[in-house]
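The next block holds one structure in the form of structure tokens; read it before the comments.
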Amino acid sequence: MIASLFAQVDPSMLRGGDVTSGALNTGIVHVAGPSIDWLALLPLLILLVGGLLTLTFSSFLKTRAPKSLFTWTTVAIAVAAAISVVPMWARVQGWGSVLWWNLDQAHTGPFSTAGGAVGIDGFSLFITVVLCAGVVLAALLADGFLRRESMTGPEFYVLVLLSAVGGVIMAMSNDLIVLFIGLETLSIAVYVLAGMNLRRVQSQESGMKYFILGAFSSAFLLYGIAMLYGATGSTNFVDIRDFMSAVVPIHNGLLLVGLVLVLVGLAFKISAVPFHAWSPDVYDGAPTPATAWMASGVKAAAVAGLVRVFMLTFSNYSSTWKPIVYVLAILSMVVGAALAIVQSNVKRMLAYSSISHAGFILMAIQANSANGITAAAFYVAVYTFMVAGSFGVATIVGRKGDGNHQLSDYKGLVRSNPWLAGSFIVMLLAQAGVPFTAGFFAKFLAITAAADAHAVPLAIIAMVSAVISAFLYLRIIVAMFMSGGDDGTEDVVDRSNRLRVPFAAGLAIGICVVVTVGYGIFPDLLLQPARNATPAAVQYERPTDSLSLGAAGSSTGSTTAGR
Amino acid sequence: MGSNLSLAYLMLSAILFVIGGVGVLIRRNPLVMIMCVELMLNAVNLSFVTFGKMLDDISGQIIVFFVMVVAAAEVVVGLALIVAMARRRPGATADDLRTLRG
């Protein structure tokens with residue numbers, strides 16, 4: 001029973017867990033802390049410690065930091081975190097060796113650690129890598145942007161790293177409370193990111209709006225968690241799953257309301273209609289690299305949360321939540337695409353199109369099948385690159401002050417910056433789902449998953465809304481081709497109006513284009529990992545060899561938390 | 001604790017949650033809005049404790065500490081955002097946040 005106490009504890013707080021259990025005085029309850037597989041938490045720790053160290057050391061710098069120091073530090077931290085996923089991925093997939101490194105592994109397959117608080121499986125590792133990619137892209141985009149806006153300093157990078165920590169916690173969570181803590185870690189950092197540009201009143205406004213609505217929705221999520229806890233007697237995913245399969249509560253009002261409230265909280269984060277009202281305003285007002293992170297990282301983490309709660313924990317209760325997700329998916333796809341068309345601001349257009357993309361991901365989730373999980377994982381990975389690249393172009397076109405985001409500001413971009421415009425065209429076509437781009441396969445997988453799950457009307461609506469949103473992307477492309485001199489009233493845009501593309505931002509956009517097109521031509525490269533990215537609910541097992549210290553106390557330690 | 005009493009606590013928590021929720025929606029002062037969000041979170045805390053008691057499970061009470069920490073962190077950021085806004089536009093309410101629309 002007491003061990004269940006520790007099952008809720010954030011792993012980073014338990015460093016001394018096994019040491020305290022050594023106090024074997026009779027009459028005192030011996031508590032053995034949960035064993036923690038530090039290697040499994042390495043991606044999380046690298047991001048966290050990296051972010052905190054960056055912040056600490058930057059305050060020791062006597063003079064101004066060398067140009068782009070923090071950018072490349074952040075990129076290095078994120079890449080290191082992504083690399084540290086590889087041994088765990090090998091263990092989960094049961095590989096014998098990675099490249100030249102021969103792995104001698106006693107245990108293979110997914111497992112859970114830190115007292116059952118986190119689950120390491122294919123899905124969590126996949127999303128972790130996606131989040132690391134999002135961090136790299138956001139940091140590269142921020143480099144030139146922050147210098148242009150005179151906001152140089154480590155804050156932006158540290159906040160992105162810390163919010164990525166929250167995202168990784170969400171992706172790895174095996175407990176509703178861990179999920180909540182991850183979501184808050186992610187969100188609180190992003191509230192600050194949105195309101196960071198103190199010179200722009202719009203940035204403050206977007207930070208404030210995001211904060212109030214985000215905190216409001218978090219309260220709903222938390223109330224839902226409380227109700228699920230009351231209904232099932234645990235917050236642990238594995239225990240809830242066991243409870244659900246043992247009891248099959250058909251008319252349990254508490255459970256139903258709890259599930260709906262959790263869905264509301266997570267749907268807010270992926271900005272599904274009707275919980276989308278914040279996203280165009282916030283995307284528009286936030287500094288553009290922060291918007292890129294919000295659209296890629298935050299959405300990926302929230303999708304991970306949805307998959308873990310609904311497709312993993314409540315998968316055999318799907319008759320209840322499927323219809324709700326079905327309706328959310330339809331509304332998001334159609335409303336997102338339709339409202340995007342009437343916008344004149346490119347950032348708002350992209351915000352509405354990201355609502356539409358959220359609908360496609362929800363469609364994959366409502367399939368509630370292995371194909372659905374593959375489709376959601378693939379979609380999230382591809383979408384991260386497409387949307388980060390798109391907002392990357394918006395970052396550069398925004399010019400000094402980050403205010404030029406009207407459709408007219410893109411006029412003649414094909415003539416003044418052919419490479420930039422070409423990249424943008426690729427990214428927009430990929431978002432529209434044109435073949436030979438990764439966006440096509442993402443949409444294809446999501447629609448196939450829905451059709452396989454006998455949701456044919458949903459699949460048809462998805463295709464129709466894809467056509468509607470194609471119009472929106474073409475509108476931006478056409479704007480870029482207009483030179484402004486055709487009717488003789490405006491100055492002709494030519495090479496002299498060229499926008500300077502900072503090296504790091506160019507690199508980020510280049511990566512996005514290469515990945516989008518590369519996975520469009522060789523989708524198997526991403527499809528194979530996405531197929532292996534299955535979430536798993538594994539009961540936490542206390543390793544027997546770690547019991548040398550408080551053996552008496554820890555024998556009760558297997559986490560059948562609470563029941 | 002009798003089940004009637006537990007039910008009463010759950011009802012109280014639901015009522016507090018609704019008061020907080022309505023407060024966020026109708027009050028225009030950002031500071032009061034943050035207070036209402038805090039009220040919602042604390043109403044949920046009451047639910048957690050009650051459920052923990054009903055289930056005879058300690059984790060319901062442990063969770064409350066985590067929620068408190070999260071709520072504190074949230075307030076810190078919220079107040080910072082309000083201060084930044086108040087410096088630029090003294091006396092601004094939520095209704096003044098309307099440069100972004102469309």
Side-chain angles (χ1 to χ4, degrees), chain A residues 1-2 4-10 176-178 180-181 183-185 187-189 191-192 194-195 198 201-202 204-216 218-220 222-227 229-231 233-236 254 280-282 284-285 342-345 348 561-563, chain B residues 6 10 13-14 17 20-21 24-25 30 33-34 36-52 54-67 69-71 73-78 80-82 84-89 92 94 96-102:
Chain A
M1 177 59 70
I2 296 162
S4 73
L5 183 156
F6 280 92
Q8 310 294 346
V9 176
D10 186 69
L176 284 167
I177 288 302
V178 177
F180 175 73
I181 292 171
L183 183 83
E184 285 298 305
T185 314
S187 306
I188 289 176
Y191 301 149
V192 183
L198 293 174
V201 74
Q202 290 94 332
Q204 280 178 14
E205 179 178 329
S206 97
M208 198 64 212
K209 276 182 177 166
Y210 193 28
F211 171 73
I212 294 285
L213 291 173
F216 191 57
S218 302
F220 279 98
L222 190 67
Y223 204 28
I225 292 174
M227 288 182 176
Y229 171 65
S234 175
T235 53
N236 191 288
L254 205 55
D281 285 1
V282 172
D284 184 8
V342 299
Q343 302 299 320
S344 61
N345 179 320
R348 294 183 82 88
R563 300 292 284 190
Chain B
S6 300
L10 289 180
S13 123
F17 189 85
V24 175
L25 295 177
M33 290 166 92
I34 290 185
C36 288
V37 169
E38 291 305 302
L39 185 61
M40 291 168 84
L41 291 178
N42 283 313
V44 179
N45 280 347
L46 185 59
S47 281
F48 269 120
V49 173
T50 313
F51 280 130
M54 284 166 78
L55 297 161
D56 197 18
D57 177 21
I58 192 83
S59 48
Q61 297 176 34
I62 306 294
I63 290 169
V64 170
F65 289 107
F66 289 95
V67 177
V69 172
V70 165
E74 225 169 50
V75 168
V76 168
V77 168
L81 285 170
I82 288 180
M85 191 174 85
R87 272 195 185 149
R88 180 129 185 174
R89 291 184 284 186
D96 299 326
L97 296 173
R98 57 179 179 204
T99 45
L100 298 167
R101 51 175 31 180

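Just so it is clear: chains get the letters A, B, ... in the order the sequence lines come, proteins before strands, and each one is counted from 1.
Here the straight-line distance linking atom CZ of Phe17(B) with atom CG of Leu222(A) works out to 8.0 Å at 0.5 Å rounding. To the nearest 0.5 Å, the span separating CD1 on Ile212(A) from SG on Cys36(B) amounts to 9.5 Å. Atom-to-atom distance recorded for Met40(B):CE and Phe216(A):CZ is 4.5 Å, nearest 0.5 angstrom. Rounding to the nearest 0.5 angstrom, the gap separating the CD1 atom in Ile177(A) from the CZ atom in Phe66(B) is 8.5 Å. One distance of note links CG of Leu10(B) with CG of Leu254(A); it measures 8.0 Å at 0.5 Å rounding.
Ala43(B) does not touch chain A: none of its heavy atoms, backbone or side chain, sits under 4.5 Å away. For a residue to count as touching a neighbouring chain, one of its non-hydrogen atoms must lie under 4.5 Å from one of that chain's; by this rule Phe180(A) touches chain B with the side chain only. Residue contact with chain B, scored on non-hydrogen atoms closer than 4.5 Å, is absent for Leu176(A). Proximity to chain B is absent for every atom of Leu213(A), based on heavy atoms less than 4.5 angstrom apart.
Among all heavy-atom pairs drawn from Leu81(B) and Gly207(A), the shortest one is CD1-O, 3.7 Å. Scanning all heavy atoms of the two residues, the minimum distance from Ala84(B) to Leu198(A) falls at CB-CD2, 4.1 Å. Listed here is the closest heavy atom pair of Leu55(B) and Gly233(A): CD1-CA, 3.6 Å. Residues Val37(B) and Ala215(A) approach most closely at CG1-CB, 3.6 Å, considering heavy atoms.
With a 4.5 Å cut-off on side-chain heavy atoms, Ser13(B) and Tyr223(A) count as touching. Put simply, the side chain of Met208(A) reaches to within 4.5 Å of the side chain of Ile82(B), judged on heavy atoms. The closest side-chain heavy-atom distance from Thr185(A) to Val70(B) is not below 4.5 Å. Side-chain contact check for Asp57(B) versus Tyr229(A): some heavy-atom pair is nearer than 4.5 Å.
The most heavy-atom pairs under 4.5 Å with chain A, out of Ala80(B), Gly52(B), Ala71(B), come from Gly52(B). Listed options Ala231(A), Ser187(A), Ala226(A) were ranked by heavy-atom pairs under 4.5 angstrom with chain B; first place goes to Ala226(A).
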